[in-house]
Structures are given as C-alpha cells and as structure tokens.
Amino acid sequence: MKIRLYNTLGRELQAFEPLEAGIARMYACGPTVYNYAHIGNLRTYVFEDLLRRTFLYFGYKVEHVMNVTDVGHLTDDGDEGEDKMIKSAREQGKSVWDIADFFAEAFFRDLDKLNVEMPEVVCKATDHIADMINLIGRLEERGYTYLAGGNLYFDVGKFQRYGELALLDRAKLQAGARVEVDENKRNPQDFVLWFTKSKFDQQAMLWDSPWGRGYPGWHIECSAMSMRYLGDQFDIHLGGVDHIPVHHTNEIAQSEAATGKPWVRYWVHGEFLVMTGGKMSKSAGGFITLESLEQMGYHPLDYRYFCLGGHYRTQLQFTEDSLNAAQTARRNLLDRIERLRAEAARNGATTSGETASDDLGDGAQAHLRAFETAVAEDLNIPKALAELWQSMKDDSVTAQERLWLAMRMDRILAIGITAAVEGPSEADAPDDDAAEIEHLITERNEARNSRNFARADEIRSYLKEKGVLLEDGPEGTHWKRG
RNA sequence: GGCGCCGUACCCAAGUGGUAAGGGGGAGGUCUGCAAAACCUUUAUUCACCGGUUCGAAUCCGGUCGGCGCCUCCA
C-alpha cells in the first residue's frame, strides 16, 4: 500500500517514494539532555515511532537515526548568558558529561515505557565532532563561511533558497524581534558553525579545530550525523514544528551548500501538545514528566493511547480529563481483548501464531483494510484506532479473528494488546492471597445458596477492602484486583 | 510587524465537496438477592459567525471574531 505523507517542503500530501526501493531512511532530531523530557516532548517521539512502525508494517526496511544533543546550548527564555548543560551540571553538582549521560538514560527509559522502539542508530553529538569539523570544512571550501569576532558563521546570503522550507521571506523577517542582534553577522539569519568566543565563560566542552579551540554550533550536528549514517541524500527528516523556521531551515542550507545536492526529500513535523493557556514549557509551569503521570496512577501506555487520539499534525489538548478518558478507554479495550481471548479458548482456537490474512473472512479483511488505509493516509492514527474499536465490536467476525486483528494492529499502535493476548491471563496471574480469596468465594457462594445474604455481603465488603472485586456471572464468580 | 496552524456534541477528537468516525462522560433499559461486569438503546438536522461559489459545503473562496505556535540553540 502506498504511504502518503504531508511534506512540509511544499506543504502538501505526497506519496512516499524512497530513494532506494524498500528502504526508508529517516533522521529524527533527538533531545538535548540537560533535563527530563516532558510529555510534550514525548508526544513527538511517539509520533516518530508510529511512522517507523508504519514503514515496518508495510514491509519496508527502516534505517532510523536519532541524535542526542549533549553539547551545551543556551538556557531558555530571556536567559542569554548561560548554557543549559552547564547550568544543570552546576545545580546538581555533576560534570556536564554526567548530566548528559544521566538524562539520556532517563529519556530512553521513558521511550521504552511508551513502547517506542529504539532507532537503528542513536548518536551523540560529542562523538561526532570530527564529522562536524569535516562538514564545516566543506562549507568553507565552497565559500559559504566567514569568520567574525572569533566565531565561524554560515552566510545565508550565499544560499539562494534559504528559508524555502519555512516559507520565510528574508526581506520581511524582523531581525531581533525577541533577541539582540549579533553584531558580527552579515545577515540576521546567519548562524554560528563553530564558536571560539563563547558568550559564556565556563564552557567545559572544548575541542580543537581549524578555527581555534571551541565547540560546534547547534545545527551542524544534525547535518553531520545524518549524512554520516544515511548518506548525502536520504528520505525523511522528522522533528517538532518548532524546528521548521530555524533549525531545519539552517540544516538544509548548510547540508545542501556542502554537497551541492538536494538533501532530504520529505520533511515531516509533529505538532505540539498544548495545555490550557498554551504549550507545555518550564516557564509556564506545566512541566509534566512521564514519571509524574505514573505516580498519579497512569500506565505509560495510557499516555501513548492518549497521543494516538489526535492526529500528529494538529495540536493536542492535554487535560487530566482527557488522559482519564484514554486510561479508561485502554482498560476497556484490554478487558474486551481478555473476553475475546476466553471466548476463542472456549471455541478451541489458539490465539497465538500467524494467520495468513488470506485466511480471514470478508468481514475481518474489510476491517484490516480500513485500518491500513487510515494509517497509510498521512498516519491517520485516530481513524485507525476507531477502526480497531469497530472491528472489536463486530460480532460477525469470530473471536479468534478479532484477536488476530487486534494483535496485527498493535504492531503499529503498540498499546499493550499483544502483551494482553500473549501474556498470562488474569486468571493465571500468581497471587499470594489466591487461596484465601478462593476459599472466601466458596464460602460466600454457599451462603448465597442458603440465602444468607448478610454473610455474603460481609465477605464481599471484606474483600473489597483488600482491593478484590467480585463479579458474579452465569459461569460462577470471578474476582480481580481493583 | 512577519510566517504558519486551528475553531466539530458535556470533554478529547476524526472527517477537507455528497449529506457528521471513535473514545470518555451522561441518560434509559436487559440481566442481577445485592453489587459489578456485560449487553442493548440513546446523546450535534448540525460543524465560531457573516457573506459568496455550487444541484449540493463542516469541507472551496472572501470577511469578522476567538484560540495557538514560531520568528531564540523549545518537541
């Protein structure tokens, strides 16, 4: 099936045509590891994971590269004098290197909890300084750079198509709208490739270079590392929408200036998670981590499910109510899976193993096709999720087929369905108190049979206090942990 | 000031020319000693507002109002 994606470059839906048949090569801008990722950051990585899984689902080989920015950069709003990494290191009494390792580890732990698969390559900026110096050298040879005030700049005036991605009209850009203009720049949009004169003193990470001892500008790392692992030209570049006007615009300029060739074919950007009053950010006070959601009683996959509810290109409203809705929905879905599993078992069907989709009935086929069509059309995951629900509720499809469909769809959605189907069922789950609970249930049912409801209710409330819920059904009494 | 996005039920949110997906929540019902679960039914004649194009518009065009993002090394 043809996958269509919205290309920021050109602002239109385009059929994905890889440079090399059957392979999707993509680069994703990763985190700057000076703090924990907040759930807004994580939304973007969930989106990238959905795209990755979509390619895999449709049979592509994926070469996915993500960088980790572990070189310090400026602190946030209004603070022009300090480096994020240095600030964080000082506050925590650690070296910048330790800070980077610590938060990178935390970041990937979060991704793992969210069922975000690891890219084929995760590369740290500090391991690729030589690649950056090399690339800057190519730019210098081609005359795109100038030295001023000790720093080496990229001259956007030499790159005619500057700003094409962001639809920037250089003549109309208001320089210094929010930040002081760097007097050394020839054009306001010029950016530093290599610093030797830091705006701040305590820069701990320094490397020798042809332009002096210093450290690289931010944008160059993505160009250098992506080209190192994916070649001078590759298929897709991913990131958050905030990167369109500056970071990605500059990446394109320096990459294409260095090679003289078109660089990336498809630019795909994820929109922000927003809270009441605006986007999530430290200054606004709404810094929520995955861990804090866990402490509030949510499963990480509840958050993933929540993310699937909105299209990647639209802002998603985060509220506790909507996260609750996602949590309940996911529980209901997994409960339904559990019942389908029991039904399939009663029918003597096996739930594991592959069923060729050719063997599916027409109804199941139609559901699968609807799901795949939604996913392939610019990753319409909300629609795909709706198709999942409809297929689960379709009684004309056998329980076994529905389980198979759910697992199949979970290859992309990754919301815990496969684990629910293939893992131990609730009944198999070991429980230290199981014997006592079973015993009490037996006693209660004897009491019910002799119409001693007072005793029966006593047992119900006793177990409820211990967190055990009883459900009387036609086939006996089931219990579960509440 | 420039660039871009968005406004769909109580909430989240698909749908972008053919007569409103899905989830959560609410309401009613079946079942049940009770309770829960499950199941069934129901919940926008209408898509911020005003014009226009069209046989037909939530979808296209123009305007108004409102929200948001970016223009800084925020995902």
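Between the P atoms of rC49(B) and rC65(B), the separation comes to 16 Å (whole Å). Comparing the C1' positions of rU45(B) and rA58(B) gives a spacing of 13 Å, expressed to the nearest Å. Here, rC47(B) and rG28(B) have their P atoms 29 Å apart, quoted to the whole Å. Using C1' as the reference atom, rC31(B) and rG67(B) are 47 Å apart when rounded to the nearest Å. Of the P atoms belonging to rG17(B) and rG26(B), the separation is 36 Å, rounded to the nearest Å. For the P atoms, the distance linking rU8(B) with rA14(B) amounts to 11 Å, nearest Å. Look at the P atom in both rC55(B) and rA21(B): the space between them is 27 Å, to the nearest Å. Here, rU42(B) and rG52(B) have their P atoms 37 Å apart, quoted to the whole Å.
Among the protein residues, A329(A) comes within range of the sugar-phosphate backbone only, with heavy atoms under 4.0 Å from sugar or phosphate atoms but none that close to a base. Here Q327(A) lies out of heavy-atom contact (under 4.0 Å) with every strand. Among the protein residues, V192(A) comes within range of no part of the nucleic acid, since none of its heavy atoms lies under 4.0 Å from any strand. Note on H247(A): nothing from the nucleic acid sits closer than 4.0 angstrom, heavy atoms only.
Separating the CD1 atom of I288(A) from the C1' atom of rC74(B) is a distance of 16 Å, rounded to the nearest angstrom. Here rC70(B) presents its C1' atom at 14 Å from CG of N250(A), a figure rounded to the nearest Å. Spacing between atom CZ of F191(A) and atom P of rU72(B) amounts to 13 Å, rounded to whole angstrom units. Across the protein-nucleic acid pair, H219(A) atom NE2 and rU72(B) atom P stand 10 Å apart, rounded to whole Å. Atom NE2 in H367(A) sits roughly 12 Å away from atom P in rG22(B) (whole-Å rounding). Atoms CG (L385(A)) and P (rA21(B)) sit 16 Å apart, rounded to a whole Å. When rounded to the nearest whole Å, the span between CZ of R330(A) and P of rG23(B) equals 17 Å. Between the CH2 atom of W389(A) and the C1' atom of rG22(B) there is a distance of 9 Å, rounded to whole Å.
N151(A) has its side chain within reach of Y153(A): a pair of non-hydrogen atoms, C-beta onward, lies under 4.5 Å apart. W389(A) has its side chain out of reach of D394(A): every pair of non-hydrogen atoms, C-beta onward, lies at least 4.5 Å apart.
With 3.5 Å as the limit, one finds no donor-acceptor pair spanning the side chains of Y162(A) and N187(A). Between the side chains of Q317(A) and S322(A), no donor-acceptor pair of N or O atoms lies under 3.5 Å. Side-chain polar atoms of S450(A) and N452(A) form no donor-acceptor pair below 3.5 angstrom.
Residues forming a side chain to side chain contact (heavy atoms under 4.5 Å, CB included) with A399(A) (at least two apart in sequence, or on another chain): L340(A), E343(A), A344(A). Legend: residues meeting side chain to side chain donor-acceptor pair (under 3.5 Å) with T44(A), ordered by chain and number and at least two apart, are absent. With sequence neighbours excluded, no residue satisfies salt bridge (Lys or Arg N to Asp or Glu O under 4.0 Å) with K393(A). Residues satisfying the salt bridge (Lys or Arg N to Asp or Glu O under 4.0 Å) criterion with E291(A), sequence neighbours excluded, are absent altogether. Annotation: salt bridge (Lys or Arg N to Asp or Glu O under 4.0 Å) contacts of R331(A) (sequence neighbours excluded): none. Listed by chain and number, the residues in a side chain to side chain contact (heavy atoms under 4.5 Å, CB included) with K124(A) are V68(A), D70(A), D101(A), T126(A), D127(A) (sequence neighbours excluded).
Across rG22(B), rA75(B), rC70(B), the shortest atom-to-atom separation from the side chain of P245(A) is found for rC70(B). Distances were taken from every side-chain heavy atom of Y45(A) (C-beta onward) to each of rA75(B), rG23(B), rC68(B); the shortest belongs to rA75(B). When distances are taken from the side chain of D242(A) to each of rA75(B), rG33(B), rG23(B), the shortest belongs to rA75(B).
Residues H269(A) and H243(A) keep their aromatic ring centres 6.0 Å or farther apart.
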Report each atom pair, protein N/O against N/O of nucleotides 34-38 of chain B, whose distance is under 3.5 angstrom.
from    : atom 1 : to      : atom 2 : distance (Å)
rC34(B) : N3     : R460(A) : NH2    : 3.0
rC34(B) : N4     : R460(A) : NH2    : 3.4
rC34(B) : N4     : D472(A) : OD2    : 2.4
rA35(B) : N1     : D472(A) : N      : 3.2
rA35(B) : N3     : R460(A) : NH1    : 3.2
rA35(B) : N3     : R460(A) : NH2    : 2.7
rA36(B) : N1     : D472(A) : O      : 3.2
rA38(B) : O3'    : R339(A) : NH1    : 3.4

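You can call F453(A) stacked on the base of rG33(B); the centres are under 5.5 Å apart and the planes sit within 30°.
For the pair R11(A) and Y6(A), the cation-pi criterion (under 6.0 Å, within 45° of the ring axis) is not fulfilled.
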* Per-nucleotide protein contact string for nucleotides 4-19 of chain B (B base, S sugar-phosphate only, - none; heavy atom under 4.0 Å) -> S-------SSSS----
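A heavy atom closer than 4.0 Å to some atom of RNA chain B occurs in no member of residues 104-112 of chain A.
Here the CD1 atom belonging to I133(A) is positioned 11.0 Å from the CG atom belonging to L152(A), to the nearest 0.5 angstrom.
Evaluation of the salt bridge (charged side-chain N to carboxylate O under 4.0 Å, His left out) test over residues 313-328 of chain A, restricted to residues two or more places apart or in two chains, returns R313(A)-D378(A).
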Report, one line per pair, each donor and acceptor closer than 3.5 Å where one atom sits in a side chain of residues 102-118 of chain A; sequence neighbours left out.
from    : atom 1 : to      : atom 2 : distance (Å)
K113(A) : NZ     : E294(A) : OE1    : 2.8
E117(A) : OE1    : R52(A)  : NE     : 2.8

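Pairing analysis of RNA chain B (Watson-Crick: purine N1 to pyrimidine N3 plus N6-O4 or O6-N4; G-U wobble: N1-O2 and O6-N3; both under 3.5 Å) yields stems of 3 or more pairs at B:1-7 with B:65-71, B:10-12 with B:22-24, B:25-30 with B:38-43, B:48-52 with B:60-64.
In terms of position along RNA chain B, the nucleotide closest to Q390(A) lies nearer the 5' end than the nucleotide closest to the other residue of the pair H243(A) and Q390(A).
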